[in-house]
Protein chains: 2
Amino acid sequence: MGTTQLETVPEPKYWHLKTVLSEALDSEFAVGEILPNERELAARFGVARATLRQALEQLELEGRLQRRRGVGTTVAPPRVGVDVGPAQGGAQGWPGAPGDVWHTEYGEEAEPPAPVARLLGVGEGTAVHAVFRSRTSGGQPVATEVVYVPAGSVPELPEAPGEAAEGAEGAARGRAVLRELHRLDLDGQDRSVELGSARADDARRLDRLPGAPVLVVTTRYIAGGRTAAVGIATFRADTCRLTFADSGAVPALVG
Amino acid sequence: MGTTQLETVPEPKYWHLKTVLSEALDSEFAVGEILPNERELAARFGVARATLRQALEQLELEGRLQRRRGVGTTVAPPRVGVDVGPAQGGAQGWPGAPGDVWHTEYGEEAEPPAPVARLLGVGEGTAVHAVFRSRTSGGQPVATEVVYVPAGSVPELPEAPGEAAEGAEGAARGRAVLRELHRLDLDGQDRSVELGSARADDARRLDRLPGAPVLVVTTRYIAGGRTAAVGIATFRADTCRLTFADSGAVPALVG
DNA sequence: GAGTGGTCTAGACCACGGG
DNA sequence: CCGTGGTCTAGACCACTCC
């Protein structure tokens, strides 16, 4: 190092630290390798632990590091590309269609959050079907999703027992909701992606702490000119790169 | 508040604070309103300023707040939906095609970052055309982009003067590169979205501090079976929601 | 110059994972 | 049990904006 700060506008220490660490990660560490602990790193660089942590947080946000309480800080593998392109759920495009990469875990009745109720065109406080799904990549959980389906979209579905179903029964109920949904003709769908922070339950499923940064993908399924269902998918932002193969018979973005 | 912590697993203070503040924002504050300053809020809640800041940081990440040094903390408007769907650049799909929402600012020769060089299939250290563009929404800058175009994709382009062109001349040069690109038949494109942190130059253009969270959209343009160009777009994660209208003649996701 | 958020320090204790 | 990262404190000073 041995920098002689000639900067007229001095860089913050944590920013400089981040650069130095980033270069060290490229040249001196292998994926999965465990770094010295925070107290030692801070001492080595001559900064307070909080300052060092600010640099580590940024590197973790960028997917370069992985930190685990009680374990340590390790060098993260490159982000995995996760396909969320159109028709990911098979030719039909509906969630749960053949070829879908999600695993249906559970179905129940629930009141959707207010923004979802608005998209669905149902009043706030109206209970709809909620199907919980999860997605893994390379053995690691990468995303959780809730698909909200208003009763009007699946009129043939037999009335559910009022109580939440347990285990296998709940999964069967979730699959039944999606199966009924497939009877509709899907006109199209649109998606949006935004940054969010993991709620406590999502964090647990994703093996992260509450508040961890996530990419929230909102999918609106259109059938018969109406919004037939809405999916809210929550991807780990530290480990995922969302890929969209928009058109053409093109292999997915590599890397 | 007056909570009597009956939680067996006590919530972190900043997490609880975030919830309280979030509810207060919903009910007691209007968009654009200025909050009390950090020292006063910390005192009011009986926590250290650093703890309060942890809560504010999360709320800013979620797009609920906007903080500006020397000014204060204000309530942010809802995130703007920014269309990045296929064919956003007009029927052709190329960057800079008629109807494109980006503003071309500058063109020069530059060495692309290593991952981009890999996508382009050129060796590291090879200079390519780099076209800088920007995008605004509602008068606010929301994104910057660099489109990298290897010389082989635009063989007809007259050789550039070695030096960087200034002002209007640079913009003209950038537009010339894109115009030449349009002579190719676009076979398709794929995109990926991931979380990143703003480099110093992007941060300045986006009116944010270095390290601010951004959504990085990588677009690969395919022509003649090869990667003809690669665009790296950087969107403000706090103010933007990226929208993809995947299929069907469907209006964009509202909200 | 006054007031704001941004950076930094030097401590302390806690929750978790693994031996 | 010990070592790890996670939370929290009570200060200090700096950079920026606006008056």
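In what follows, every chain begins at residue 1, and chains take the letters A, B, ... in the order their sequences are listed. The structure presented is a predicted model; accordingly, all values stated were derived computationally and were not measured.
- Rounded to an integer number of Å, the gap from Q54(A) CD to dC14(D) C1' is 14 Å.
- Counting only heavy atoms from C-beta on, E38(A) has its side chain closest to dG6(D) among dG6(D), dG5(C), dT7(C).
- Below 30°, between 30° and 60°, or above 60°: for F244(B) and F244(A) the angle between ring planes is below 30°, a parallel geometry.
- The side chain of Y14(B) contributes an N or O atom lying less than 4.0 Å from OP1 or OP2 of dT7(D).
- Ionic pairing of D202(A) and R199(A) is present here: one or more N-O contacts between side-chain nitrogen and carboxylate oxygen are shorter than 4.0 angstrom.
- A side chain to side chain contact (heavy atoms under 4.5 Å, CB included) with D238(A) holds for exactly one of R208(A), R64(A), R67(A), E62(A); it is R208(A).
- When the side-chain nitrogen and oxygen atoms of R53(A) are compared with OP1 and OP2 of dG6(D), one or more of them lie within a distance under 4.0 Å.
- Put simply, R68(B) has no side-chain N or O that comes within less than 4.0 Å of OP1 or OP2 on dT4(C).
- Rounded to whole angstrom, the span from the CD atom of E40(B) across to the P atom of dG5(C) amounts to 10 Å.
- Note: NZ (K13(A)) to C1' (dA12(D)) measures 13 Å, nearest angstrom.
- For A48(A), the side-chain atoms get nearest to dA10(C) when compared with the rest of dT9(D), dA10(C), dT7(C).
- Remark: N37(B) is not in phosphate contact with dG3(C), judged by side-chain N or O atoms under 4.0 Å from OP1 or OP2.
- Across all strands, L209(A) comes closer than 4.0 Å only to sugar-phosphate atoms, never to a base (heavy-atom distances).
- One finds a side-chain N or O of T51(A) lying less than 4.0 angstrom from the OP1 or OP2 phosphate oxygen of dT9(C).
- When each of E11(A), E23(A), Q58(A), Q54(A) is paired with K18(A), the side-chain hydrogen bond (donor to acceptor under 3.5 Å, both in side chains) condition holds for Q58(A) and for no other.
- Spacing between atom CG of L41(A) and atom P of dG6(D) amounts to 13 Å, rounded to whole angstrom units.
- Residue T73(A) places none of its side-chain N or O atoms closer than 4.0 Å to OP1 or OP2 of dT4(D).
- Atom NE2 in H16(A) sits about 16 Å away from atom P in dT7(C), given to the nearest Å.
- The CZ-P distance, from R67(A) to dT7(D), rounds to 9 Å in whole Å.
- A salt bridge links R79(B) with E194(A): the distance from a Lys NZ or Arg NE/NH1/NH2 to an Asp or Glu carboxylate oxygen falls below 4.0 Å.
- R69(B) places its CZ atom 6 Å from the P atom of dT7(C), with the value rounded to the nearest Å.
- Using a 4.0 Å heavy-atom criterion, one finds that R39(B) contacts the bases of the nucleic acid, with or without backbone contacts as well.
- When heavy atoms are screened at a 4.0 angstrom cut-off, R49(A) is found touching base atoms of the nucleic acid.
- I34(B) has its CD1 atom 10 Å from the P atom of dC18(D), to the nearest Å.
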